[in-house]
Amino acid sequence: MEAVIPAVERLKREEGEILLVTHHNPDGDGIGSMLALYRFLKKKGKNVRMAMKDKAPHVYDFLPDVEKIEKLPINHRFNLAVILDAAGMYRADAPVEAKEYLRIDHHIGGVFESINDYVDPYAASTTVVVGRMLKDWDEECIDKEIATCLYTGLLTDTGSFKHNNVNEEAFEFAKYLTSKGIDPSRIASLIFERNKPAAIHLLQKVLSTLDLFYEEKIASLVVKRDFIDKTGADEEDTEGFVNFARSIEGVEVAFIMIQRPDLKTWRVSLRGKGRINVQKIAKRFGGGGHRDAAGCRIKGSEKEVKQKLIEAIKEEIKTQLKEKINV
Ligand SMILES: [Mn+2]
């Protein structure tokens with residue numbers, strides 16, 4: 001029996017204008033899945049454009065067609081808008097006008113945009129989901145460039161094959177993409193080994209804020225706005241900083257809180273190590289994500305926000321570890 005992927009059928013059927021979008025503060029998976037699908041749809045003769053609210057971080061500037069990504073909002077009504085790697089259209093963080101919406105993603109829960117949505121929370125990355133679609137549609141059409149975009153999402157969303165979303169399919173997919181001619185070593189080097197000195201100076205300041213709580217089960221880092229201003233770094237340079245806090249032995253949950261330009265809002269990234277589901281912590285503050293990586297936004301002073309987070313994390317550690325013992 002042949003599997004039918006409704007999202008593929010929906011895209012095949014579309015003859016009008018398609019817009020692909022991803023979440024704001026875009027990452028390798030959002031950009032990679034969008035670019036791969038864009039290139040494939042172009043090859044299929046579709047009328048397709050791409051857009052997002054923020055610009056692509058410079059480490060993704062090597063990806064094919066990245067320069068063709070437009071800035072949201074676009075004052076135009078499309079036939080079909082596809083949101084990739086996001087829990088719903090709202091994550092574009094800008095108005096997107098379309099007759100119909102479609103979501104392709106791997107986040108837990110979220111908003112269903114259409115009966116044709118393709119969401120698999122067990123997929124290691126959205127590019128895994130897109131890869132299944134493209135293979136189902138026309139395997140021959142997946143070229144080295146498309147494979148490079150797909151691999152970028154897989155590599156970044158699995159933390160270089162370290163996170164607990166890594167499964168058999170992730171490695172099978174990596175093997176498949178390698179058979180399409182990608183250069184894994186070059187891709188990794190372009191993404192992870194092009195830090196600006198300013199970014200490392202920012203890291204220096206951020207590491208000095210390291211704090212441990214609750215018998216060293218919780219680790220925190222803080223990025224104050226003036227750290228960013230003084231070093232000349234960008235907010236995007238904080239990507240991955242939280243992993244230094246996570247790397248400490250005995251830490252169950254690590255978080256980094258990044259001060260937004262309004263100085264009152266903090267963007268929080270939470271990381272777990274497999275035992276504690278950090279998505280449940282983010283959800284308490286209206287955020288979301290995955291079991292090992294989640295995020296939210298909280299308003300307040302540095303002290304207030306930190307305290308709220310620590311209390312919530314303590315409660316979750318207590319509840320979740322108790323549940324585990326009872327099983
Ligand atoms: Mn993702």
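Quick note: residue numbers are just sequence positions, from 1. Counting convention: from 1, in listed order, for ligands and their atoms alike. All values derive from a computational prediction rather than experimental measurement.
- Looking only at atom types and distance, the side chain of Glu17 has a donor-acceptor partner in the side chain of His76 under 3.5 Å away.
- For the Mn ion (ligand 1), protein N, O or S atoms closer than 2.8 Å were enumerated as Asp29 OD2, Asp85 OD1, His106 NE2, Asp157 OD2, with waters left out.
- Remark: Lys53 engages Asp93 in a side chain to side chain donor-acceptor pair (under 3.5 Å) (not counting sequence neighbours).
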Distance-only criterion, 3.5 Å: show the donor-acceptor pairs between side-chain atoms of residues 181-192 and protein atoms not counting sequence neighbours.
from	atom 1	to	atom 2	distance (Å)
Asp183	OD1	Ser185	N	3.4
Asp183	OD1	Arg186	N	3.2
Ser189	OG	Glu193	OE1	3.2

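- In the hydrophobic clustering, where aliphatic and aromatic side chains (Ile, Leu, Val, Met, Phe, Trp, Tyr) are joined below 4.5 Å either directly or transitively, Ile256 groups with Leu202, Leu203, Val206, Leu207, Leu210, Leu212, Leu221, Val223, Phe227, Ile228, Phe241, Val242, Phe244, Ile248, Val251, Ile258.
- Between Lys42 and Asp65 there is no salt bridge, since no side-chain nitrogen of the basic residue lies less than 4.0 Å from a carboxylate oxygen of the acidic one.
- Side chain to side chain, Asn277 and His290 fail the donor-acceptor criterion of an N or O pair below 3.5 Å.
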